[in-house]
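I have placed the structure first, in the form of structure tokens, so that the comments after it can refer back to it.
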Amino acid sequence: VTVSAKPVRVRFAPSPTGYLHVGGARTAIFNWLFARRHRGTFVLRIEDTDVERSTRESETALVDDLHWLGIDWEEGPDVGGPLGPYRQSERIERYRGHARAFVDAGLAYSCFCSDELLRRKREEAEQAGTAPRYDGACRNLSAGDVEARRKQGVAEAIRFKVPDEVVRIDDLVRGQVELASDTVGDFVLIRSNGHPTYNFAAVVDDHAMGITHVLRGEEHLPNTLRQVLVYRALGADAPEFGHLPLILAEDRSKLSKRHAASSVGDLKRLGFLPEAVVNYLVLLGWSHPEGKELLSIDDMVGAFSIERVNRSAAVYDGKKLTWMNGQYIRKAPLDRLVAAAGPFLPPYVRSDYTPPAQREILDLLRDGVETLADLERASLPFRPSPPLDDEAKACVGAENSRRVLAALRVALAKAPDPVTANDFKATMKAIAKETSVGGQDLYFPVRAAITGSVHGPDLARVAAIKGKATVQASIDRALSIGRPA
Ligand code: GLU
């Protein structure tokens, strides 16, 4: 990669017409890592020239989602920067100026074809089985024709005169790519409503903002052809391009909004940690030189290179992402886990336990969950007086169980308060000796009484967190449930 001379400047340029999709997030992450790796600049540019579909809410949500992922930028609409404004809707005059200059230089022309006429021509082309591209009807209008139509008030767009040539790009990912310009007709630069098209505005801005590398999804290759032609018309060098492989769903269709958990917002709501999401997404099309899969941000920044981006499509595998999230939940610093997991704890945990007890609950439960949303179910043993499930009920009714619980009630009365996990273990040992009951016969009834189920997390830690009084009340309750009629 030729990143030697010029300092790297890359951008993420979302259109604020919806949520941040995992494909967009992957593009943002690759650009961000590339900037960080080369100590370059990462720019956020909002491509809001589609006035009907762009909203400020969507822009805010995109920015929030990027922040949630831990991505930051040096220049953007929220932080400013020397080459702003960074919202295309605030740069309209620049696009118009360049378009006028193109017209004056004979590189573009006014087009007065109505939407209705264009639609009809497209349909005719489709019926005839030919490529639906603009037929150049307005390419050779005389100055007089143009004046006459303007006087009649006919809506006027500006179209680019596509030259007849083959564009070759040396793609950072795909190598030599040839794009023949005869696959596209003269395309619109400025719509009749005065707004620029994406292919024009993106080039004007990438040029004005000094973008050195454009990393984006492979689906943009046909746009790259148009954009390279616009660069030439501007008399500017095109940046380097790297087209990232497509992301497919597990059914091998192109991943899209209709697939579950395919937006960053979905993943946030479903209880994924952003660190895990970033780690998973960076592996969609890139791999670490040593094949490492669990990567810190430092690992990624240290090892990221376009050379290791592959050409073949990546598959978005929810199971692997979930597995990876579980790994992150287990190794997260406890403070970090507490901050992320707070909103996922059920109301009874938040209201009935002190913050230090909630920390212990999380530390105990993190081994058994893959997402933070799993905490809802995993927290059930911590309900103040959990109802006993059928297995638990049958268990506490058994003869041996009743002896164990009765002995525990007595022994626990003598145990310290607050009771620690070690105190509780010692108490269990004592009653094992006293009753000559061991193993499951000893632990199952106690766990059933305290948590409502014979299965669950470490009993001594649960008992210590719930507290002596609550545990005693649970044992009394179990003895009364289990009493034979
Ligand atoms: N606004 C375009 C999009 O959202 C940007 C594509 C590009 O990176 O050039 O797809």
Side-chain angles (χ1 to χ4, degrees), residues 8-35 40-56 58-63 65-66 71 73 75-77 85-92 95 167 169 171-174 177 179 184 187-189 191 195-231 234 236 238-247 254-257 262-264 281 285 306 309:
V8 163
R9 288 181 60 86
V10 288
R11 64 7 176 231
F12 179 54
S15 306
T17 54
Y19 297 113
L20 182 61
H21 191 257
V22 293
R26 196 250 335 232
T27 299
I29 291 165
F30 278 37
N31 279 285
W32 176 66
L33 289 175
F34 188 71
T41 301
F42 183 45
V43 177
L44 176 68
R45 182 173 73 225
I46 299 296
E47 302 207 321
D48 56 349
T49 56
D50 182 343
V51 277
E52 270 104 61
R53 293 174 60 229
S54 299
T55 66
R56 240 354 134 77
S58 167
E59 178 187 323
T60 307
L62 283 166
V63 166
D65 284 347
L66 290 168
I71 293 175
W73 44 93
E75 297 173 28
Y86 294 92
R87 243 180 233 116
Q88 289 188 328
S89 58
E90 295 164 17
R91 303 174 63 84
I92 299 292
Y95 312 125
V167 168
I169 60 166
D171 190 272
L172 297 172
V173 176
R174 308 178 61 82
V177 181
L179 303 157
V184 297
F187 54 89
V188 172
L189 301 177
R191 297 191 181 89
H195 289 278
T197 56
Y198 154 66
N199 278 310
F200 187 47
V203 171
V204 168
D205 288 347
D206 284 340
H207 178 54
M209 295 178 182
I211 299 303
T212 56
H213 298 76
V214 170
L215 308 179
R216 62 184 172 205
E218 191 184 298
E219 64 277 15
H220 284 290
L221 260 176
N223 292 325
T224 300
L225 163 61
R226 293 176 175 85
Q227 293 179 15
V228 169
L229 295 172
V230 174
Y231 270 104
L234 280 175
E240 305 246 13
F241 292 99
H243 288 90
L244 311 175
L246 293 180
I247 303 179
K254 188 172 183 297
L255 188 69
S256 75
K257 288 200 269 280
S262 62
S263 77
V264 172
L281 293 181
I306 301 290
V309 175

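Computed from heavy atoms alone, side chains included, the values below leave out hydrogens, waters and symmetry copies. In each ligand, atom 1 is the first atom listed, and ligand 1 is the first ligand listed.
Close approach of ligand 1 to Tyr198 is summarised as follows: ligand atoms under 4.0 Å from at least one heavy atom of the residue are 2 (C), 5 (C), 6 (C), 7 (C), 9 (O). Below 4.0 Å from some heavy atom of Glu47 lie the following atoms of ligand 1, by number and element: 1 (N), 2 (C), 5 (C). Counting atoms of ligand 1 from 1 in the listed order, those under 4.0 Å from a heavy atom of His220 are 6 (C), 10 (O). Atoms of ligand 1 found under 4.0 Å from any heavy atom of Arg216 (numbered from 1 in listed order, with element): 7 (C), 8 (O), 9 (O).
Using 4.0 Å as the threshold, Ser15 has a heavy atom nearer than that to some atom of ligand 1.
Within the model, atoms NE2 of His243 and CD of Glu219 stand 8.5 Å from one another, a figure rounded to the nearest 0.5 Å.
Shown are Gln88, Glu47, Gln227; of these, the side chain to side chain donor-acceptor pair (under 3.5 Å) with Tyr198 is made only by Gln227.
Side-chain contact between Arg174 and Ile169 is absent, with no heavy atoms from C-beta onward closer than 4.5 Å. At least one side-chain heavy atom of Pro196 sits less than 4.5 Å from a side-chain heavy atom of Ile92.
Close N/O approach between Ala13 and ligand 1 is found [any backbone or side-chain N/O within under 3.5 Å]. Between Gln227 and ligand 1, no pair of N/O atoms sits closer than 3.5 Å.
Across every non-hydrogen atom of Pro85 and Glu90, the tightest pair is CB-OE1, 3.3 Å.
The 12-atom threshold is exceeded at OH of Tyr231, counting heavy atoms of other residues, nucleotides or ligands nearer than 6.0 Å.
The single protein non-hydrogen atom nearest to atom 8 (O) of ligand 1 is Arg11 NH1, 2.6 Å, given as residue, atom name and distance.
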